[in-house]
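A quick write-up on the structure given underneath.
A, B, ... follow the sequence lines: proteins, then strands. Residue 1 opens every chain. Everything numeric here is computed off the predicted structure, so don't read it as measured data. In what follows, every heavy atom counts, from backbone to side chain, and hydrogens, waters and symmetry copies are set aside.
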Protein chains: 2
Amino acid sequence: MSGRDPIGVTISEVAAAAGVSRQTVSNVLKAPERVASDTAARVRRAIDDLGYRPNRAAQNLRQRASRCIGLKMVPPSGVSNLLDRFLHALTEAAAVAGYHVLLFAAVDDELATYEDLIRSGTVDGFVLFDVEVGDPRLPWFARRGIPFVCFGRPRGQGRERFRWVDVDSAYGVARAVEHLVGRGHRRIAYLGWPEGTGFGDERRAGWEQAARRHGLDVGDLAGTSAEDVTAAASAAARLLSGPEPPTAFACGSDTFAVGARLAGGTGADGRPNLEVVGFDDSAATMLMSPAMSSVRQPLGEVARHVVALLVGQLRGSDDQPEGVMLRPELVTREWRGPEPVL
Amino acid sequence: MSGRDPIGVTISEVAAAAGVSRQTVSNVLKAPERVASDTAARVRRAIDDLGYRPNRAAQNLRQRASRCIGLKMVPPSGVSNLLDRFLHALTEAAAVAGYHVLLFAAVDDELATYEDLIRSGTVDGFVLFDVEVGDPRLPWFARRGIPFVCFGRPRGQGRERFRWVDVDSAYGVARAVEHLVGRGHRRIAYLGWPEGTGFGDERRAGWEQAARRHGLDVGDLAGTSAEDVTAAASAAARLLSGPEPPTAFACGSDTFAVGARLAGGTGADGRPNLEVVGFDDSAATMLMSPAMSSVRQPLGEVARHVVALLVGQLRGSDDQPEGVMLRPELVTREWRGPEPVL
DNA sequence: GGTGGCAATTTGAACGATCAAACCGGTGAT
DNA sequence: ATCACCGGTTTGATCGTTCAAATTGCCACC
């Protein structure tokens, strides 16, 4: 267990210390059933005494695998710390499967970076966090046989099929609408991305279907804007200036929701005029008083499925589903803290 | 450039294709000056034709280095997406130095996880993002000769010295105070962590010194709370209920700042009663109307220095500074968007 | 008593790169 | 004539592990 040099104890030293061959040491760790129990005990003692850990590079070389999952680090954007939370969940899920998460930056040519990492054996596959409609990376990967899994169902990809894990965000927004209906609202607006983002369209559809199901008006109650608070507030203000303004908003993301609530302003008692429900359940929900309800994606489950699908590809299993669809959950919040002093 | 199998092209195949030996191919890539230019051109053609990339595992094994920097993924907390942004900066800085960032989860025994990663050669060193006062990991690493660099100056560590990069947050808060003074405020409160976090104490000291320098009162204008919006709002409300309430807050983090502003409430025109300055310049600053000013840590620079210090240790250079202190920058914001409709 | 089978263990050969040393024909100094 | 030395290139060994095959000792079977 001593020793200053971090690297240095090799399988041969352990073998010598235990009076067996290298292969036997390896077997103790990888196939214990092949080793007599007293021998195994002796080897295990030597391993503990010397503080032996199998050298990863040697394993990788021999096994032609890195046990690393690659993920391109994207510049943080928006108010939601979704990437943050997903990374945490992914790291834990990967650890359970014996993998690590390797972050990398795409300095100039993104595709070349992916190719380098795969061909050099630095990673075994990729997780794509930022899949866009018609994303050119997917067919490019597929053509090269590069293993990958998407967080977010691929759209606009012709008849080609890829592995994915997604969250049924239409369902999530519908739940938000139902919550607002239950709170007594009849004019519920939607605010989200302009058409074309795929998941954005889906969230809007979730609002529309749920509203119709409850016999609510949807005609002039849908707004779109860029995903930043300022733009969202303007768009919400436009909806609010109509003849029959909405009293509540279901939103495509927390950013839109914050914008809507700012546009709605507060009454004389300091409470907001508008009830809004966001999407992503980011830290932003806590930044308002009362705190905001929001639709939470099950990131832990997403990460576990992502890892399972990727590891399945790497092992060559063909009994994997093409994709996994998960249900989000509505988190309702009521601020119980002190009212603002006025 | 063709080839379906991602791994497979080895240096020997390139050598055969170019009609030279393995070592010459290696030299073309690592020591081009040793190779005749026409030979080099021939080799480079073969490399391009075959799509050869040196196998990372083989390099790692031979060179006894992984060129990976380890970082423990911590569960996201607070409203600031600081980790997110730091990870992005770190990944880019590491890439420039030829390193990757490897994320890992500490499932049960954290120290054992670190030891595994180092002894197995999975990573060459660590970046510590979450250093606490008297953090036991630092002497533990030092005793074992494990290379690491702290983001945040180590405190409470006796006379032992470690490598670090830090941001002068006292200076940052002082700048915030000066900004508020310039805006005409005379009663400027501080809200931050309870004593004992090190960096929190420092930020508070920055406020106190700057306030005294301008002849302002500090006596009953310092508040503390846990770092969440609810608790921060309560603490701010207490300060505001005094006989001579503050008109502005300088805060230890954006979370405190948001809490303070919520506690301050808004006037009849919908504008907030309190002017607050946060710390970290997280996405939360954009969530209010008008947007909030905040002190921004130079994360890109921090990351570059962290990588430089770590790589220096790995190379064994002894001309490295013990630590690097950087200056944050005050980002002032004035909301130009639409006013809330009332 | 030879044969086959079995469990436990060892041996030799990879994996793909790089280091260190050797090698080459040729030139100039001693 | 001997030697060191040149740039350019090759050879052999090595990094630490694991795969596949070979080798033991031991027992049972006909």
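- Applying the salt bridge (charged side-chain N to carboxylate O under 4.0 Å, His left out) test between B:Arg137 and each of B:Glu115, B:Glu110, B:Glu132 identifies B:Glu110 as the sole match.
- Residue pairs satisfying the ring pair (Phe, Tyr, Trp, His ring centres under 6.0 Å) criterion with at least one member in residues 115-138 of chain A, sequence neighbours excluded, are listed as follows: A:Phe86-A:Phe129, A:Phe104-A:Phe126, A:Tyr114-A:Phe126, A:Phe126-A:Phe141, A:Phe129-A:Phe151.
- Between the side chain of A:Thr24 and the backbone N or O of A:Val20, no donor-acceptor pair lies under 3.5 Å.
- Side-chain contact annotation: B:Ser66 with B:Asp124, donor-acceptor N/O pair under 3.5 Å present.
- Between the CD atom of A:Glu13 and the P atom of D:dC15 there is a distance of 11 Å, given to the nearest Å.
- Closest to the side chain of A:Arg64, from the set D:dG16, C:dA17, C:dC15, is C:dC15.
- The side chain to side chain contact (heavy atoms under 4.5 Å, CB included) check on A:Arg153 picks up A:Arg155, A:Trp164, A:Asp166, A:Glu202, A:Met325, with sequence neighbours excluded.
- Computed from coordinates, the B:Arg119 CZ to D:dG16 P distance equals 14 Å when rounded to whole Å.
- Between B:Ser26 and C:dT18 there is a side-chain polar atom (N or O) within less than 4.0 angstrom of OP1 or OP2.
- Distance, A:Leu29 CG to D:dC19 P: 12 Å, rounded to whole Å.
- Counting only heavy atoms from C-beta outward, the side chains of A:Pro321 and A:Leu309 approach each other to under 4.5 Å.
- Residues A:Pro147 and A:Leu310 meet the side-chain proximity criterion, which asks for heavy atoms closer than 4.5 Å.
- When the P atom of C:dA17 is taken as reference, atom CZ of B:Arg67 falls 16 Å away, rounded to whole Å.
- Spacing between atom CD of B:Gln63 and atom C1' of D:dT14 amounts to 13 Å, rounded to whole angstrom units.
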Counting only pairs under 3.5 Å, give me each side-chain donor-acceptor contact of residues 32-44 of chain B, with atom names and distances, residues two or more places apart or in other chains.
unit_1  : atom_1 : unit_2  : atom_2 : d
B:Arg42 : NH1    : B:Ala18 : O      : 2.6

Can you give me the N/O atom pairs linking the protein to nucleotides 6-12 of chain D at distances under 3.5 Å, or say none if there are none?
unit_1 : atom_1 : unit_2  : atom_2 : d
D:dT9  : OP1    : B:Thr39 : OG1    : 2.4
D:dT9  : OP2    : B:Ala36 : N      : 2.9
D:dT10 : OP2    : B:Ser21 : N      : 2.9
D:dT10 : OP2    : B:Ser21 : OG     : 2.8
D:dT10 : OP2    : B:Thr24 : OG1    : 2.6
D:dG12 : N7     : B:Arg22 : NH2    : 3.4
D:dG12 : O6     : B:Arg22 : NH2    : 3.0

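- For the pair A:Arg53 CZ and D:dT17 P, the interatomic distance rounds to 12 Å; values are reported in whole Å.
- Between A:Gln59 and the phosphate of D:dT18, there is a side-chain N or O to OP1/OP2 separation shorter than 4.0 Å.
- If you measure from atom NZ of B:Lys30 to atom P of C:dC19, you get 7 Å, rounded to the nearest angstrom.
- One interatomic measurement links the two molecules: CG of A:Asn55 to C1' of C:dG16, which rounds to 14 Å at whole-angstrom precision.
- For residues 299-321 of chain A, no residue pair satisfies the side chain to side chain donor-acceptor pair (under 3.5 Å) rule, not counting sequence neighbours.
- Comparing the start and finish of the helix from C:dG1-D:dC30 to C:dT30-D:dA1, five pairs each, the helix axis swings through 70°, to the nearest 10 degrees.
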